[in-house]
Each structure stands twice: as C-alpha cells, then as structure tokens.
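Here is the structure we will look at.
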Amino acid sequence: MSLSTRYNATETETKWYRHWETAGYFHSTPDEREPYTILIPPPNVTGVLHMGHMLNNTVQDVLVRHARMQGKNACWVPGTDHASIATEAKVVQLLRQKGVRKSDLSREEFLEHAWAWKEKYGGIILEQLKKLGASCDWERTRFTMEPSLSRAVVHVFTDLYRKGRLYRGRRITNWDPEAQTVLSNEEVVYREENAQLFHIRYVLQDDPGNYITIATQRPETIMADVAVAVHPEEEKYRHLVGKQVLIPLINRAIPIIADAYVDRSFGTGALKITPAHDQNDHAIGQRHGLPVIDILTADGKLNDQAQILVGQDRFAARKQIRRLLEEAGCLEKVEDYRTNIGRSERTDAVVEPRLTQQWFLRMDEFARTALEAVRSGEVRFFPENMWNMYYQWLNEDNVRDWCISRQLWWGQRIPAWYLRTTEGRWTRDGEEVPFVAEHAAAALEQARVATGRPELTEADLEQDEDVVDTWFSSWLWPISVFDGFERQDELAYYYPTNVLVTGWDIMFFWVARMIMAGYEWSPALLGNASKGTMPFRDVYFTGMVRDNKRRKMSKSLGNSPDALALIDTYGGDGVRFGMLLSGSAGNDIIFDAPIDSATNTVLNESKLCEQGRNFCNKMWNALRLIKGWQVADSPQGTVEALAVAWMSARTEQAVAGLQPLFDQYRLSDALLSLYQLVWDDFCSWYLEMIKPAYRPDGTADALDRQTYEATVSLFERLMAALHPFLPFVTEEIWHQLRERPAGQDCMVAPYPTAGPVDLTLVRLVEVARQAISEVRNIRSNKGISPREALTLQVRESATASQLFDQPGLQAMISKMANLDAFERVQEEPQGVLTFLSGTDKYFLPLATAIDTAAETERLSKELEYYRGFVASVEKKLSNERFVQGAPAAVVDNERKKLADGKEKIRMLEEALQGL
RNA sequence: GGGCGCAUAGCUCAGCCGGUUCAGAGCAUCUGCCUUACAAGCAGAGGGUCGGAGGUUCGAAUCCUUCUGCGCCCACCA
C-alpha cells in the first residue's frame, strides 16, 4: 500500500488545478447549450486575497462547478478593477518613498508609473484565486481600464450627456484633501470621534460691550463666516436679528440672521454660517443671498482669504486659533463632545465639505428603474430582506444625484472638451460650455457649430482634467466584459448573467448601479427588450467576514488572517469547507482565526477549516481502506447485499435533497448534508458493514467483487456530488478509485440526479442502527470491551419480525454490535439487561450478574418518562377541539404515539417484574 | 432623527408561511478506546422552560403586542 495515511492537499491541489486548466475545462464559448454565467466582482487590481474574497469566490466556484456538471455552458468571467482612488493613492505613496512628488510629474509621466506598477503587481490576486480552485475562464480575464472597457465608459458618458442626464454643477461636495479629489457620498465613512465644541464670542459692531456666543467645532473656519444665524422664534436673540457682529481676530462685520434651520437647543442656539465649508450653511447662505468665502486650499491649508494663519494646515490652525481667541478674550469655553466625523473611505483623511465644480448624474429615473427591477422580482435578492436596505437607499426621498467626476489621473478621462480663449474657457450665459463627444474631433465639430467659428482646431480645445468615478466603469461590467457596446454576439448568449455573488457592503456602490446600467443599455444593444433587461437574475449577498470580536476584518486592524497561509495549512478544499459551512447568505461570518499581528501568521487553528481538512483526510482514508481490500470472485453475502441496497437508498435520498438547496443558495446546508452522508452513513456504517473480517493470524477475508464494484460506484457518486464544494480531493479520489481514460474527470462528470428511493429499507436500517447503538451504549456504561462478543435476544413481535425477516439484517446487527448470537425469543428471560428500541424489546444476558438496583432505577426512570408522555398525549386527544380542529393526519399520529407509548409502558413494567 | 435585522446548548449557527426531521448541527466539554482506513481517528455521554412579559390558538421556538439587550443601513445638528 503506497498511499500515505495523511492526505496531502498541497501536492494534490497543484496537480489537479494544472490538469483542469490544461484540459481547457474553464473556458467557455457560446454554443447550443444553456449558458450559466457568473461575473466575478472584480477585485482591485493591486489587491491581495483576503477573507471576503475567499468567501465570495468559493461560493461562485461552487455554483459554477455545479452548473458545469449539470451540463450547462458554465462561464465564470474573472477580472480586476482599476480602483481609481485606491491605486492612485498607492502609486503616489510609492513615488513619495522614492522622493518623487506627484505634483512634479506630468499627467503622462504619472500614468507611466502607474501602468508600470499595475503590470508588476496587478493580478496577483487572480493567481491567488487559483489556489482556492476557482474555475474561472482565465482566457476571458478583463480589466476595467483596458481599451475596450474604457471606450464603453466614454460611450456611456456621451450617451447620458446627450440624453440630458448628466450635468455640471458647483456644489458643496465631499473633498478628500489627502487625495485631493472629490468623493461621492458613498465614499465617506462616518464614525463617532472625540471632538471639542468651542464657544466663541462675536461682539456687536455698534455696541462693543455686548456679544453673541456661537458654538463651533471648527474655530479655524470663522474667517470664512458670512453671518450668524439664530432661530426666528428665539426670544433671547430676537432683538439682535439684523445687527452686525464682528468676527473675532479679523474684525470683519457680518449680519445676524434668522433661520428656522437653527436648533435652539444645541450649543448656544446661535450658529455661525460658513457657506464654503459646510453643506447646510451653504443652503442657508443661498436662502439669504449671502456671499461665499473659501479660506481653504485643495490640500486643506488656510489660504489668503483667511487673512491670518495663512499656509497653516487646518488642524494646526485649529490649535493656534484657540490660543489667539483666548488671548483676545473671545473664547468663552471649550467642551468635549462626541460627534460623527466623516473620513475618506480610501485615505482615511477627514473629509472637507468644499465648493467645487463637478459632473453629476441624475438618479431619479435610474433609481425608479432599479427599484422596480427588484420589486417586481426580475432581480431576486438572497436573502430577500436585503430589499429593505436597497429600498431605503433608492427611494425618492433618499436618492441623491451621483457625483461621477474625480480629480485624479488614474482612470477614464472625462470626454468633455472646452474651448480655450484668452479670458479662459469659452462661456455662454456665464457658464463654461463643455463639448462632450467620444473623440476630440467630434467635440471640435460641436465647438465650431456652437461658436460659428469654422477655423477652430483641436489645439483650441482642452480636455476636462478629471476622470470618472471607478464605479462609473464597474457599473457597466455585465455588458463590457463581453464588449457588449461594440459587438453583441457574446452578450446575446451570456446576458443576462445568472447570479451575482457579492457582499452587501457594495449594494449601493455597485449592485444597484449595475441594475440601472443593465436596464438602460442592454435592451437597445440586444435589440430585443425581452432579453435585454436585468444584468443578473439573482443576487447572493454574502455576509461580512468578521473576527471573533465581531470586527470587520481589515488590514488596518491587522485582524485578517493571511488567506494564503490558511490555504497552506488546511488546503484549498479545507478553506472552502470552512468558508461555506460558516454562514448562510447575508449573515455575517465570525471567522475565528486568531493571528499573530506581528508576523501575520495563523497561530491557533481555525476550527472550521480544520474540520474541512479533517473531512478530506477522512475520505482519503476511506479510499485507502477500500483499496486495501482483497477482492475475490465469490458470491455476495446477505449483509453486503443489504448494505449496498441501503447505502444506495441513503445516497438517493440525500441527492434528492440537494437541488432545492442549490435553488435557494443554501450551500452550507447542501454541504452539511453531504458531509453527514459521507462521514456517518458511508464511513461509519456502510464501510463497517461490508468490511471483511480480519483473522487473528493477520490474514483477511476477501470482499466479493460485486460489493467491491458497488462500493466504488457509490464512492464515485459521492465524490461527484461533493465536487463543487471540494474540487481537489474529490478529483483525486475519483481517479484513485478507477483507471480512467483521458477526459473522464470528476470535474466534468454529470452531477448526480436522484433515482427512486427505497424508504422502507432506510427506515428498517435506522431501527437496526438504534438497537446497535443501545448495545454499544450498554457496553460503554458497563465497561464491557467492544471486543467481547455478546448475545442479544429480541422478543418476537409483529414489528420485530418485520425487521428481522429482512435478509442480512440479523447478521448485520451481529457484526456491527459484535454479537456471537442473535436470538428471537418468545418468553421474557429473567435476570438480564433489558432495553427498548422502537417498539421492540431486547435482552442482553451478561456473564456477570446484573446490578438489580441500578437496573430498577434505570427502567423506572424510563417508565416515568413514558407515563408522563402518555398522559400528555391523552390529554391532547381528550380535548374535543383538538380532535375536531386538527388535521386528521396529526390526530392519527397522536393516536399512534399513544399506542406506542402504552406498549412501551407495558414492556417496561414487565421488565421491572422480571428483575 | 428615519429604517432594517438579530436574541435558540459554553461558542458559532440552523429550524421560524403554527402540530414526531421539533428542540437540532458543528465546535468545545466529559467517559472509555493507540480496535491494522483514519488520534486530522473510534464508541458513548452530559448540556437549552428557544432574551423577559403579555396575547392569538385545541396547540407557539415558529404568528401578534410590548419591554430589554445587541448589530447594521441611511441622514447628519453647528
């Protein structure tokens, strides 16, 4: 026997992945089969594999492999996202380490660096996915910034502009002073932090002895104040409305105004109005026709407008102005308080509300479409209740226009050109006029027409400096991966995709927007409204992977185990098992894997992955057992025949239950049912039933060929059923079981479908198993060795004969319970151990005298339980309304329970008398 | 401030369109086994009045109300 007692995952997994890839099983091209399509949520091109990826990619792979084995044309498209802000931030950081500042580089030079970096590190994550067994069609790998996908972005931008759904606006936006770009609302993360509330006195211009006190968290912005606002109904301030106060330190006069927005109970009830640096203040400023004074630079420093502390960073300025205010006697008090601070999702910089000119996409119509898609059930959510969150964001009260421009270089540049003039950009009605087109040449035409100046050349145009939000390219993913804007052959076959598997955290960023884009463009592209609709039929939302303190796993917390280290330890199969079994759709996953934050290595073993690894080893050893048997051309015994029939029935039963679970994406339940089928039914019972006996002299009996073949077939069937979950170990065992011609791999075998199930046999064996367990239990309690053979007697009865007339069953019980004799008796023997199993009564005569007192107690306890049980059933049945109201089947069942219970009581009473 | 969800064994969870698959699974714990497939294992065992309180019903872990404790999403008050 050459097989090791331990299953070697690493070696096996590398071997089979290469084999599958070489065989071309991952690749899909359109044909006459039904397609089954999944698009990977593209990870950041520079990312590394983390637990979240492992989870959702495992789920995707299970679904894809299952579909493939079902004979569908399975296509799993992989790819990466250029992740504009995250990647640019990384490149900037890298350059800084080399002593190069972004501002020293031209756009072209910077992009050269970025592309070089992308080429070097990009796609590592895809290589890592292979270790998990991901059966992606690697020939289809896409990148959101490759030419075709970028052209799609430009096309869509111009299309939307033409449709009047894009506009430019000067708004208060979320500014990231670190990355120096605007952010969408979704990219700002609010967290409660410690802050201070400064109470500052503004003296009245014409009455220097009096003042009004405002409370602010941002004293460094007082130089940008244009008013102080109070509530119109606030008595204590009413007399001040209309008066002028002086901003401390710079003594600029500003009015006191009344506005109902002011919360009278917060702070002092007086609010400083700073339209340039606060969204609400900006709104108030507009209502009252106030000016806007911007005192901050793009990188968060005070500018000339501030008059004082010019050039200081906003946080340094806050410290200094506190001192200045104190010296000036304007600082009444400073109190600590907790407030929500918004930070950039990518750079963690405190977000600065800032007035900037940006491109926005109108969302009202898109939102209605996206809501209707899910409301109508065209797109189904798993779990369903994710609809609530979805609705919350998309309903008309909450949805906001999408700010899609970003002041970055890494990304698709906005296809808008402006006409350069000596006074700056050409304007109409005081507004810059963008010429939006797919190419500069087309924009030039527009410019010539608009201005009536045919002599203009492209040199007179300058392109918008900004790029679009990354999600403005990702929302096209379901169409653009098939180059759907340029040719529709593949789109027509693969679209709509079957299921999207992703975390609920990007429901708004991505899922909702893909639905919008799908409905917006696919009908026209496919020229067929019945096919061109939703981008995917189902959305499976995975939970967030959290640590054992329920914190989201993140690099900054250092609580995420190294995904590759986990695979090295437990194998790809082991990790897949752990991921799958740890949670159902939508539920967060507590992944208990303490790690050493210093070395980032797994210290304690992660229990679920360990369980997966152990399972692989269990199956491996079952293989070793079977392969070690001698096989003879002898007739099949009754025990073996029974065992094969029973295991076949159990397998059919389990297989029949799988499809509904797949349909509902209940993958953990499906895996668990197979786990139990393999471990309990196949290994612990079936293999033990047919295991040839060993003789004391070391030789072993042979197994008949028929049983051996049946066993191999059963094992094979189990491997096929398990393959989508644990592809590597199943493929290995599949090949160890039989010599197979090339191309007959488990991965491409037909997925098992259920045949007829012999439920009677399953029930009979179940009863026998209970009896066997009883004997083992008594052995355990009495300290009788499993090797000591016992005699078992069963009282003849209607059910007992049904049971034991089954050929092979008595012999099977004898083998499994290690009995030297199994007898059917008419009379109740005296002085023996008695137990009930089902409604049959068994006796176990032991060599040693039984402990009568202990037996009396045990039987009495059992008797007491059944008396109580019978009493409760009788009560139920004597209730007229129950008998009348409950379904007949339920009542009948209660009657059977009553009869069985009474029979048990009778037998127990008998047994007590016999002691 | 608006909304959603969760609470079941020591831990992580399943069951939740009412009635023997109804109190379950895995891990952990305890007992006994190095029984020639597997100690990454085998055979057993203990452990929960299904968060509290009401209600509906013949019958509630499951439906309703309410309270308590958690978690999340959105908006964001200086």
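Everything numeric here is computed off the predicted structure, so don't read it as measured data. Order of the sequence lines sets the chain letters (A, B, ...), proteins ahead of strands, with each chain counted from 1.
- R624(A) has its CZ atom 10 Å from the C1' atom of U36(B), to the nearest Å.
- A cation-pi contact, defined as under 6.0 Å to the ring centre and within 45° of the axis, links R776(A) to W685(A).
- Counting to the nearest Å, the P atom of A25(B) and the CG atom of L667(A) are 22 Å from each other.
- Atom C1' of nucleotide C72(B) and atom CE of M389(A) are separated by 6 Å, given to the nearest angstrom.
- With no hydrogens or angles considered, a side-chain donor-acceptor pair links N174(A) and N185(A) at under 3.5 Å.
- Applying the side-chain hydrogen bond (donor to acceptor under 3.5 Å, both in side chains) rule to N614(A) yields no partners; only residues at least two apart in sequence or on another chain are considered.
- When each of C74(B), A43(B), A37(B) is scored by its nearest atom to the side-chain atoms of Q392(A), the top-ranked nucleotide is C74(B).
- The shortest distance between the side-chain N/O atoms of S785(A) and the OP1/OP2 oxygens of G32(B) is not below 4.0 Å.
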Would you tabulate the nitrogen or oxygen pairs shorter than 3.5 Å linking the protein to nucleotides 76-78 of chain B?
from	atom 1	to	atom 2	distance (Å)
C76(B)	O3'	N280(A)	ND2	3.4
C76(B)	N3	N340(A)	ND2	2.9
C77(B)	OP1	N280(A)	ND2	2.7
C77(B)	O2	D263(A)	OD2	3.0
A78(B)	OP1	T339(A)	OG1	3.3
A78(B)	O5'	Y337(A)	OH	3.2
A78(B)	O2'	A215(A)	O	3.4
A78(B)	N6	D263(A)	O	2.5
A78(B)	N6	F266(A)	O	2.7
A78(B)	N1	D263(A)	N	3.2

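- Applying the 4.0 Å criterion to OP1 and OP2 of G41(B), one finds that N614(A) has a side-chain N or O inside that range.
- The distance between the ring centers of Y675(A) and F577(A) falls below 6.0 angstrom.
- With sequence neighbours left out, the salt bridge (Lys or Arg N to Asp or Glu O under 4.0 Å) criterion links K897(A) to E894(A).
- Nucleotides G19(B) and A60(B) have their P atoms positioned 11 Å apart, rounded to a whole Å.
- Rounded to whole Å, atom C1' of G44(B) lies 15 Å from atom CD1 of I772(A).
- Taking atom CG of residue L671(A) and atom C1' of nucleotide A14(B), one finds them 14 Å apart after rounding to whole Å.
- With distances taken from any side-chain atom of R666(A) to the nucleotides C27(B), G15(B), A45(B), the minimum falls on G15(B).
- For the side-chain contact (heavy atoms from CB on, under 4.5 Å) test with F541(A), the passing option among Y390(A), F381(A), F382(A) is F381(A); the others fail.
- Considering only the side chain of A622(A), A37(B) comes nearest among A43(B), A40(B), A37(B).
- For the residue pair K876(A) / S878(A), no side-chain donor-acceptor distance below 3.5 Å is found, with atom types taken as modelled.
- Look at R763(A) and E766(A) and you find no salt bridge, because none of the NZ, NE, NH1 or NH2 atoms lies under 4.0 Å from a carboxylate O.
- For G15(B) and C63(B), the C1' atoms lie 16 Å apart once the distance is rounded to whole Å.
- Taking a cutoff of 4.0 Å between a charged side-chain nitrogen and a carboxylate oxygen, E774(A) and R779(A) do not qualify as a salt bridge.
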Report summary line: Given Watson-Crick and G-U pairs under 3.5 Å, RNA chain B in dot-bracket ([ ] crossing, | other strand) is (((((((..((((.....[....)))).(((((.......))))).....(((((..]....))))))))))))....
Protein N or O to nucleotides 55-62 of chain B N or O, pairs below 3.5 Å:
from	atom 1	to	atom 2	distance (Å)
C58(B)	OP1	R881(A)	NH1	3.0
C58(B)	OP2	R881(A)	NH1	3.3
C58(B)	O2'	N879(A)	ND2	2.9

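- Ion pair K904(A)/D900(A) not flagged as a salt bridge, since none of the NZ, NE, NH1 or NH2 atoms sits closer than 4.0 Å to an Asp/Glu carboxylate oxygen.
- Comparing the C1' positions of A45(B) and A37(B) gives a spacing of 26 Å, expressed to the nearest Å.
- Set against A37(B), A45(B), C74(B), the side chain of N398(A) has C74(B) as its closest nucleotide.
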Check nucleotides 6-9 of chain B against the protein and report each pair of N or O atoms closer than 3.5 Å, with its distance, or say if there are none.
none

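- A salt bridge links R314(A) to E352(A): one of the charged nitrogens lies within less than 4.0 Å of a carboxylate oxygen.
- For E186(A) and R513(A), the salt-bridge test passes: some basic side-chain N is under 4.0 Å from an acidic carboxylate O.
- By the 4.0 Å N-to-carboxylate-O rule, E874(A) lies close enough to K902(A) to be salt-bridged with it.
- C27(B) atom P lies 10 Å from atom CD of E610(A), rounded to whole Å.
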